Amino acid sequence: DDRPGAPCPVDRVLAADGRTVVDVSAPHDGLHRAAAHGYDAILLALDAPDGDRLAVVRELRRRVRETPVLVIAGRADDADVVRALDAGAD
């Protein structure tokens with residue numbers, strides 16, 4: 001669901017497994033939080049309507065090199081996957 005604040009099915013699965021999920025809808029907030037906190041992983045929706053998410057992946061990789069950045073997309077083709085990996089996604 002691309003609506004800000006809408007629950008993501010992956011969020012629900014992680015929370016049900018006892019994981020703490022921090023939902024950040026604005027990319028700049030996510031970049032700040034990722035740099036300030038030691039997260040185990042970052043899950044980023046590529047097809048969100050609010051900006052260039054590949055640029056966010058590149059900046060995340062620059063700021064938090066060791067944290068895995070996992071991307072999800074509802075409508076991705078092979079070229080999208082390659083672009084995300086080239087940007088630094090895991």
Side-chain angles (χ1 to χ4, degrees):
D1 195 336
D2 291 342
R3 294 171 293 146
C8 171
V10 176
D11 291 356
R12 289 191 293 266
V13 170
L14 291 170
D17 192 42
R19 310 289 182 191
T20 300
V21 176
V22 177
D23 184 16
V24 179
S25 58
H28 66 276
D29 290 340
L31 289 170
H32 174 73
R33 285 182 183 224
H37 303 285
Y39 295 119
D40 292 329
I42 297 168
L43 180 65
L44 180 69
L46 280 184
D47 50 2
D50 61 348
D52 180 2
R53 292 301 176 99
L54 292 178
V56 173
V57 172
R58 285 188 287 276
E59 186 62 19
L60 281 168
R61 190 49 59 218
R62 188 181 75 74
R63 292 185 187 193
V64 290
R65 295 176 187 246
E66 301 303 317
T67 305
V69 178
L70 309 173
V71 296
I72 57 173
R75 299 168 296 276
D77 59 23
D78 290 344
D80 292 328
V81 172
V82 170
R83 282 191 291 273
L85 292 170
D86 285 346
D90 296 290

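Every value quoted in this text rests on a predicted model; they were computed, and no experiment measured them.
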(request) Determine, stepwise, if the pair Ile42 / Arg33 fulfils side-chain contact (heavy atoms from CB on, under 4.5 Å). (result) CA-CA 10 Å; Ile42 297 168; Arg33 285 182 183 224; over 6 Å; no
(request) Could you tell me the separation between the CG atom of Leu43 and the CG atom of Asp11, rounded to the nearest 0.5 Å? (result) 7.0 Å
(message) Show the nearest heavy-atom pair for residues Leu46 and Ala84, with the distance to one decimal.
(response) CD1-CB, 3.8 Å
(message) In this structure, would Leu85 and Val71 fall into the same cluster of hydrophobic residues linked by side-chain contacts under 4.5 Å?
(response) no
(message) Among residues at least two apart in sequence or on other chains, which ones pass side chain to side chain contact (heavy atoms under 4.5 Å, CB included) with Arg19?
(response) Leu14, Asp17
(request) Would you please name every residue forming a side-chain hydrogen bond (donor to acceptor under 3.5 Å, both in side chains) with Asp90, sequence neighbours left out? (result) Arg61
(message) Ignoring hydrogens, what is the shortest heavy-atom contact between Pro27 and Val56? Give both atom names and the distance.
(response) CB-CG2, 3.7 Å
(message) Between Leu70 and Val10, is there shared hydrophobic-cluster membership here, with clusters defined by ILVMFWY side-chain heavy atoms closer than 4.5 Å?
(response) yes
(request) Applying side-chain hydrogen bond (donor to acceptor under 3.5 Å, both in side chains), name anything that partners Arg83, two or more places apart in sequence or on another chain. (result) Asp80
(message) Within the 4.5 Å heavy-atom criterion, are Val64 and Tyr39 side-chain neighbours or not?
(response) no
(message) Nearest 0.5 Å, please: how far is CZ in Arg62 from CG in Leu31?
(response) 9.0 Å
(request) Enter the distance from Arg53:CZ to Leu44:CG here, rounded to the nearest 0.5 Å. (result) 5.0 Å
(request) Take atom CG of Asp40 as the centre, draw a 6.0 Å sphere, and report whether it contains more than 12 heavy atoms from other residues, nucleotides or ligands. (result) no
(message) Could you tell me if the side chain of Thr67 sits less than 4.5 Å from the side chain of His37, heavy atoms only?
(response) no
(message) Please find the pair of heavy atoms, one from Leu60 and one from Ala34, that lie closest to each other, and give the distance.
(response) CD2-CB, 3.5 Å
